[in-house]
> 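Have a look at this one before I ask anything.
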Amino acid sequence: MFSDKIDIIITKIMIWSIKKGYGADCETKDYEDFPELNKPSSTEGRCGSCVASEIIDWLEDRIKLIKGEF
C-alpha cells in the first residue's frame with residue numbers, strides 16, 4: 001500500500017536523524033559496562049548513543065513488520 005511506503009520512508013528518515021544526532025555507535029551497551037544500570041526502562045543517566053541504538057533497533061523492527069518480514 002502507498003501508506004506503508006510512506007511509513008517506511010518516514011521511519012528511515014527518523015533512523016537517519018537519530019544516527020546523525022546521537023551516533024548510535026557504541027561498541028558495548030552501557031548496561032553491559034555498568035551492570036548497576038541493569039537496562040532500566042528509564043533513560044535517565046544512560047548513554048545517549050546506547051539509547052539511540054535501542055530506538056533504532058525498534059524502528060528497524062517496525063519496518064520489517066510493515067513489510068511483513070516477521
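Below, each value reflects all heavy atoms present in this structure, side chains not excepted, and no hydrogens, waters or symmetry copies. Numbers for residues simply follow the sequence, beginning at 1. Just so we're clear, the structure is a prediction, and the values are computed from it rather than from any experiment.
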> State plainly whether one hydrophobic cluster holds both I8 and L65, where clusters connect Ile, Leu, Val, Met, Phe, Trp and Tyr through side-chain heavy atoms under 4.5 angstrom apart.
no
> Any heavy-atom pair between the side chains of F34 and R46 that's under 4.5 Å?
no
> Restricting to side chain to side chain donor-acceptor pair (under 3.5 Å), what partner residues turn up for S53, sequence neighbours left out?
K29
> Applying side chain to side chain contact (heavy atoms under 4.5 Å, CB included), run through I15 and I55 and close with a yes or a no.
CA-CA 8 Å; I15 290 170; I55 293 169; over 6 Å; no
> Are I18 and L59 packed together at the side-chain level, in the sense that at least one heavy-atom pair is separated by less than 4.5 angstrom?
yes
> Roughly how far, to the nearest 0.5 Å, is CE of M14 from CD1 of I63?
8.0 Å
> Could you tell me whether the side chain of D30 and the main chain of C47 form a donor-acceptor pair under 3.5 Å?
yes
> Mind jotting down which residue pairs meet the side chain to side chain donor-acceptor pair (under 3.5 Å) criterion with at least one end in residues 7-27? Sequence neighbours excluded, please.
T11-R62
> Which value, rounded to the nearest 0.5 Å, describes the distance between D33 atom CG and T28 atom OG1?
3.0 Å
> Check S49 against G23 and note the closest heavy-atom contact, atom names and distance.
OG-C, 4.0 Å
> Just to verify, what does I13 make a side chain to side chain contact (heavy atoms under 4.5 Å, CB included) with, not counting sequence neighbours?
I9
